[in-house]
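Report on the following structure.
All residue numbers in this chain count up from 1 along the given sequence. For ligands, and for the atoms within them, numbers begin at 1 and follow the listed sequence.
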Amino acid sequence: MVNKERILEEFLRLVKIDSPSLHERDIADYLIRKMNDMGLEVVEDEAGKSIGNISGRETGNIIATFRGNIPDAPTLLFSAHMDTVEPGRGVKPVIKDDTVYSDGTTILGSDDKAGIAAVLEVVQIIRDEKLPHGDIEIVFTVAEEGGLRGSKNLDRKRLKALYGFVLDCDGSAGTIITKAPSQYRIIASIVGKAAHAGISPEEGVNAIYVASTAISKMQLGRIDDETTTNIGVIQGGKATNIIPELVNIEGETRSIDPDKLEEQTSRIVKTLEDVAGEMGAKAMVKTELLYPRLKLEDSEKAVSLAVKAAEILGLKPKLVSTGGGSDANIFNGYGIPTVNLGIGMNKVHSTEEFIRIEDLVLNARYVLEIIKVASQVHV
Ligand code: ZN
Ligand code: CA
C-alpha cells in the first residue's frame, strides 16, 4: 500500500534540492545513493559530457535496474526528469488544503519530481511487500526542459525495456499521451544590402522588408489538426539611417504526421528563399529535426497496459494527443514504445505551480498497478 506520509516526505525532500537544468548534480547524487540503498543497480551515463554542464559538475542520466523475480514478465521502463525550470532555487514548499505549493517566489518542481517520488515509492512498496514483478528500468534524465538533451544523449544500449512510461504530463493519473508531434527548428538569415537611408536608399536592399514580405506569405499557427507552425524570433537592423542588411529569423514546425512535417517545413524554407531571390536578397536557411514523433496505436502494449491499470483503479483512461514534446518522444525514437502519463501537476513553469497530495499518492498507486498488470499478478 502507498504510504502517504512517506511519499509526501520524499516529494518535499526532492523539491528542496535545487536542480535547474544543467545543475542536477545534487539531486543525482541523492538519487544514486537512495536507489543504491534500496538495492537497485545504479549507473550514470555519459550524457553530462555531451550536454556541457556549465558549472563544471557534469551530470548524466541516472539509470537504475530493479531486478525482477518473474523471468517471463516484460521489462518496463519508467522515466522522469530531474531538472526544473527557473526560478527553481531555494524552493520552500507550503502545504495548504492538502495541496503542495511553493511560497510563491519559485516554481514548485512537481514537474517532474512528482514523477520521481512516485517511482521511488513504488520501489519501496515492492520491496517491503515482496511483490512479484518483472525487471524494471528507471531512468531519471537531466536537461529535459528546453531541449530534451538528457534523453537525446542517453546511452540507449543500457536499456532492455520493451515498453516505457514517462511520468511527465499534466492531467491526473489516467491521462495517457499517445500522440505528440515531431519538431523542426528553422533558422534563417536574410541578407540584403546596407546603404545610407537618406543619401542612397536606392543602393540598398532592405532585409527587414524582405523578411516581413516573406513572413506575410506564410501560413502560420494551426495548419491542421496535426500540424502547427510558428515564427518566434526576429532580429535585425542597426539604426534608422541604415538600410538593414541582415535579419535573423527563428521558427518551428510540428506535426504528428511525418509527411506533413516535411511538407510544411519545406514550404517555409521555399517561401524565404523565393521571396529573398525575387527581392534581390539572399536567404540562408537551416533546418534541424529536434525530436521524433510519438504515435502509438491503442492496441500497442504500452497503451493497453496503461489503460488496463487505470481501469482497475477506477480511473477513466483518457488517450490524449498533445502539441508538446517530451522524453517519451525520444524513447519512441529509440524503438521503445513509450507513453507519457499525467501525474496531476498543475500550473507548471509558473510560481503558482501546485500538486494535490492525493495525486502524489494516486501516481504511486497507478505506477504500481501498471507493474502488477504487466506481471499479470493482478487478480
Ligand atoms: Zn516536465
Ligand atoms: Ca516542464
Would you say Cys169 reaches the Zn ion (ligand 1) with an N/O/S atom under 2.8 Å? no

With a cut-off of 2.8 Å, does Asp111 place any N/O/S atom under that distance from the Zn ion (ligand 1)? yes

Does Asp112 put an N, O or S atom under 2.8 Å from the Zn ion (ligand 1)? no

Determine the interplanar angle of the His133 and Phe66 rings, folded into 0 to 90°, and report it as parallel if under 30°, tilted if 30 to 60°, perpendicular if over 60°. tilted

Considering only N, O or S atoms, which atom of Asp168 is nearest to the Zn ion (ligand 1)? OD1

Considering the options Thr141, Asp327, Asn61, which one meets the side-chain hydrogen bond (donor to acceptor under 3.5 Å, both in side chains) requirement together with Ser151? Asp327

Are Lys260 and Thr253 close enough that a side-chain donor and a side-chain acceptor fall under 3.5 Å? no

May I ask you to check whether Glu353 and Ser110 show a side-chain donor-acceptor distance below 3.5 Å? yes

